[in-house]
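Everything on this sheet refers to the single structure shown next.
Predicted, not measured: the structure shown is a model, and the values here were computed from it. Computed from heavy atoms alone, side chains included, the values below leave out hydrogens, waters and symmetry copies.
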Amino acid sequence: MKEIEKFTFEQGVAIEVKGMDLYYGNFQALKKIEMTMPEKQVTAMIGPSGCGKSTLLKSLNRMNDLVEGCRVEGSIKIGGVEIYEKNTDLTMLRKNVGMVFQRPNPFAMSVYDNIAYGPRTFGIKKRAELDEIVETSLKNAAMWEELKDRLHKSALSLSGGQQQRLCIARALAVQPQILLMDEPTSALDPISTGKIEELCGELKKSVTIVMVTHNMQQAARISDKTAFFLLGEMVEMGDTERIFSMPKDKRTEDYITGRFG
Amino acid sequence: MKAKAKKTTLEGAAKWTFAVCAAFSVFAVFAIVFFILYRSIPAFQKIGVFEFLFGETWAPHWEDKVLEGKTEYASIFGVSNIVQTSLIVTAGAAVLGGLIGVFTAVFTAYYCPKKLKGFFEQTVNLLSGIPSIIVGFFGVTVLVPIVEKLSPQGEGMGMLSAVLVLAIMITPTIASLSKNSLEAVPKEYLEGALGLGATKDQAVFSVLLPAAKSGIFSSLILGIGRAVGETMAVSFVIGGASGKAPDSFFKPVGSLTTTIAGELGEASFGSVHLSALTAIGFILLLFVLAINLVLTLVKRGGNREKTGWFAKLFRRKKLKETNASGKHSYRRGGAVQTALRFVSYFFAALVVFTILYLIVDIVVKGLPYISAHFLFGATKGANVTISAGLVTTLMVVGMTLLISLPLGIGGAIYLNEYAKKDSKFVKVVRLFIDTLSGVPSIVFGLFGMIFFCQICALGYSVLAGSFTMVLIVLPTIIRSTEESLKEVPQSVREGALALGASKVRTIFTVVLPSAIPGIITSIVLSVGRIVGESAALIYTSGAVVEMPTGYLSQGSTLSVFMYYFQCEGLHMNEMYATATVLIAIVLALNILIALLDRAFKKKTNGKDKKKV
């Protein structure tokens with residue numbers, strides 16, 4: 001069996017969205033989105049509920065395919081490859097573009113089996129190799145010390161924060177190039193949130209991160225680029241520092257100063 | 001003051017009445033166990049427990065011959081071969097029915113196109129509603145000839161046919177319960193697996209299916225319980241040679257249930273034979289109680305942490321820290337899971353094909369023989385009509401509902417309105433209701449014969465049959481009434497109580513009316529159960545073709561007519577015709593349930609909309 005290939009990023013550009021529209025049935029959820037996400041940086045997407053930021057995130061690894069009546073027009077390129085082509089290889093796409101969901105979703109298996117799930121899916125069967133991947137992934141997610149003695153306990157017995165970091169470790173186990181995070185801390189307490197934010201800072205050395213967040217401080221703390229969404233439109237995108245200090249658009253300013261949303 | 005005192009005693013009396021209704025299931029289970037054990041004791045005494053359990057020969061008819069000689073009980077009653085037959089057949093059915101059922105459930109839950117899903121689920125439901133006597137008839141007319149061709153000696157009756165018939169009986173149970181637990185797996189699991197790059201097939205077979213394993217396991221155990229207790233369907237195809245060693249799949253043998261059903265009619269009152277058959281019933285009861293116990297344990301275990309003793313067995317050593325190279329070769333996999341998907345297509349198609357074939361085969365052959373005379377005319381000599389069967393069926397349905405509805409509804413009211421949630425009493429009652437619903441119908445028949453016919457001196461009569469049916473349908477009525485009582489919002493009760501209504505008044509004027517959908521559904525389900533029942537009725541209300549003259553005379557329902565025809569062996573056309581009528585009734589009841597379901601759902605939806 002052939003090894004699954006990776007995306008090659010050129011000139012530091014990981015993802016390029018051009019003139020993208022998205023419809024749920026007759027409802028247009030995203031309108032003419034234009035954005036570029038740089039390699040090995042954290043891009044944050046902020047905006048009020050229902051503005052389409054999660055929808056956009058889910059389009060990037062085509063998890064939207066699960067939603068009935070969802071239709072995408074325009075172009076989304078990852079490493080220069082159009083991902084909404086008919087013959088797109090979803091396995092390759094989703095292996096390289098991992099995802100962490102809003103609510104922790106560990107499988108009903110042991111910690112070890114959760115992390116080994118991805119590698120096993122991709123044909124890695126050797127015990128020693130799996131052991132190594134599990135260990136590396138847990139270390140990368142900064143939970144090795146916590147969990148190394150509990151690897152064969154059920155993942156469902158972990159706390160919510162641990163479950164979410166386990167899900168990050170699980171995503172890392174297939175060595176993704178891009179990690180999509182959909183409000184990864186919204187269901188967590190402040191301490192767990194802090195740990196995950198810290199982790200993002202570490203991870204961006206090797207992985208491109210795109211994150212949706214409700215929490216503007218979080219975006220300000222950890223992201224390099226920030227994009228502001230409103231009613232299905234991307235209003236403004238730029239360096240995080242600039243967006244939060246000198247927003248160009250009035251609507252962005254109203255939002256970050258807390259006038260609505 | 002006097003009036004107030006009167007009212008409180010009325011309240012108290014009502015409460016106690018409801019409590020007695022709830023406790024009825026407990027009495028029933030104890031009575032069944034007690035009387036069956038009591039009547040088994042002579043057999044254990046005269047035969048010896050060891051000889052009975054481990055003896056290989058079962059030869060009840062030696063009795064007569066040897067009577068002229070010396071010993072009084074020279075017939076030999078050893079059930080070892082019979083027990084082995086039951087175990088083998090049940091295991092075979094569990095494997096086959098389990099495989100087909102689980103794969104069918106996977107198909108329904110994950111692969112069935114939306115448009116087909118309703119039809120497909122209805123079909124599986126329909127299969128579970130087909131009376132076992134009809135499945136047995138299908139077995140003997142269609143499956144046995146096929147097995148004959150496979151058999152080296154050309155014998156079709158035997159364990160293989162029994163396994164096939166049982167698999168048909170238990171597949172719908174396993175399929176629909178497993179489907180429920182598959183659909184209860186959180187959607188996030190699918191997203192999580194797909195998000196890692198797994199294909200849908202990989203997600204289904206390596207994440208979702210394992211996540212539902214405790215529910216699937218319960219459904220398998222329930223299926224095994226049904227298979228152990230199934231009587232009529234098996235007795236048609238197993239060959240009726242009780243006591244023969246089960247050393248081949250292709251020769252006539254006898255199982256626990258078929259031995260009872262086949263020989264109960266010829267064992268004389270008070271004989272060792274009758275007691276030995278009762279003792280077989282007791283063994284059957286023990287099996288079922290054991291299965292129930294396992295089920296309770298599984299259900300309790302399912303809520304706990306997943307890694308139990310099983311995982312501990314395979315627990316591996318701690319990982320040693322390694323020098324990670326970080327280079328791994330990720331390749332495309334999932335061929336196995338994709339193959340499994342096609343297996344699920346195949347089994348789902350097989351289920352639909354079997355049910356359609358069963359119905360079409362019987363209806364095509366039976367329809368030409370149905371006439372007004374056959375349905376409503378009087379039996380004259382060899383020209384048998386089923387009018388007596390229709391009348392008896394109606395009589396049994398009426399009497400059974402008359403008794404079981406008040407009992408069941410009263411019990412449900414106590415459990416839901418009076419008892420403290422999760423009190424000991426409620427737990428015990430629930431356990432016994434579950435146990436009662438798992439008791440095989442032949443054991444009910446045995447108990448009915450001992451208790452109603454003999455001890456209560458009702459003889460073989462429609463009344464004794466109806467009393468027996470009360471025990472069978474009671475769990476269904478209690479459960480579905482309770483379900484709909486639970487859905488009545490607490491605020492409705494509070495509203496009535498706040499107006500000064502007494503508790504009893506609140507229940508009868510406000511709570512029960514809202515529970516009517518559940519009660520109607522339970523009535524329809526009960527009617528289906530009564531119409532399809534045969535094993536419990538043959539030895540309580542009799543197997544005759546004459547028109548019953550009243551509740552104290554013998555009478556046979558339509559399903560028992562099928563049995564009668566089968567025993568006589570001369571009435572092939574009448575069998576097809578009767579089976580057609582039964583299928584029509586089952587089909588009508590199924591459609592009725594679907595329509596009721598839709599009507600009630602619409603009604604509640606309408607209510608919700610108004611609220612908003």
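- Residue contact with chain B, scored on non-hydrogen atoms closer than 4.5 Å, involves the backbone of A:V97 exclusively.
- The 12-atom threshold is not exceeded at NZ of B:K427, counting heavy atoms of other residues, nucleotides or ligands nearer than 6.0 Å.
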### Task
Could you check A:D89 against B:R332 for side-chain contact (heavy atoms from CB on, under 4.5 Å), going step by step and ending with a plain yes or no?
CA-CA 11 Å; A:D89 177 358; B:R332 232 166 289 269; 2.2 Å; yes
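- Counted within 6.0 Å of NZ on A:K204, heavy atoms from surrounding residues, nucleotides or ligands total more than 12; the atom is thus considered enclosed.
- Around the CD atom of A:E198, the shell of radius 6.0 Å holds no more than 12 heavy atoms that belong to other residues, nucleotides or ligands.
- Other residues, nucleotides and ligands place more than 12 heavy atoms under 6.0 Å from the CG atom of A:N87.
- The candidate from A:M92, A:R62, A:K95, A:K58 with the greatest count of non-hydrogen atom pairs under 4.5 Å with chain B is A:K95.
- With a threshold of 4.5 angstrom between heavy atoms, A:P106 approaches chain B through N, CA, C or O but not through any side-chain atom.
- Within a 6.0 Å radius of OH in A:Y23, other residues, nucleotides and ligands contribute more than 12 heavy atoms.
- At most 12 non-hydrogen atoms from other residues, nucleotides or ligands lie less than 6.0 angstrom from CZ of B:F217.
- Between chain A and the residues B:K187, B:Q337, B:E191, B:Q202, the largest count of heavy-atom pairs under 4.5 Å involves B:E191.
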### Task
Check step by step if side-chain contact (heavy atoms from CB on, under 4.5 Å) holds for B:H328 and A:I133.
CA-CA 9 Å; B:H328 307 286; A:I133 294 176; 3.3 Å; yes
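- Under the 3.5 Å distance criterion, the side-chain polar atoms of A:N105 are matched with a main-chain donor or acceptor of B:E188.
- Salt-bridge formation is not detected for the pair A:E5/B:R331: no Lys NZ or Arg NE/NH1/NH2 atom is positioned less than 4.0 Å from an Asp or Glu carboxylate oxygen.
- Taking CG of B:L194 as the start and CG of A:D65 as the end, the distance is 9.5 Å to the nearest 0.5 Å.
- If you measure heavy-atom distances from A:L66 to chain B, the contacts under 4.5 Å come from the side chain alone.
- For A:A155, no part lies under 4.5 angstrom from a heavy atom of chain B.
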#### Entry: Step-by-step side-chain contact (heavy atoms from CB on, under 4.5 Å) determination, B:V207 to A:M109
CA-CA 9 Å; B:V207 176; A:M109 312 168 177; 4.1 Å; yes
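- The structure places CD1 of A:I124 at 6.5 Å from OG of B:S329, a figure rounded to the nearest 0.5 Å.
- Between B:L196 and A:T121, every side-chain heavy-atom pair lies at or beyond the 4.5 Å cut-off.
- Closest approach of A:F107 and B:Y189 over heavy atoms only: CE2-O, 3.3 Å.
- Shortest non-hydrogen contact noted between A:Y117 and B:A198 is OH-CB, 3.8 Å.
- By the 6.0 Å contact criterion, CZ on B:R430 is enclosed, its count of non-hydrogen atoms from other residues, nucleotides or ligands being greater than 12.
- With B:Y330 as reference, A:V174 is the one residue of A:V174, A:N96, A:T91 to meet the side chain to side chain contact (heavy atoms under 4.5 Å, CB included) rule.
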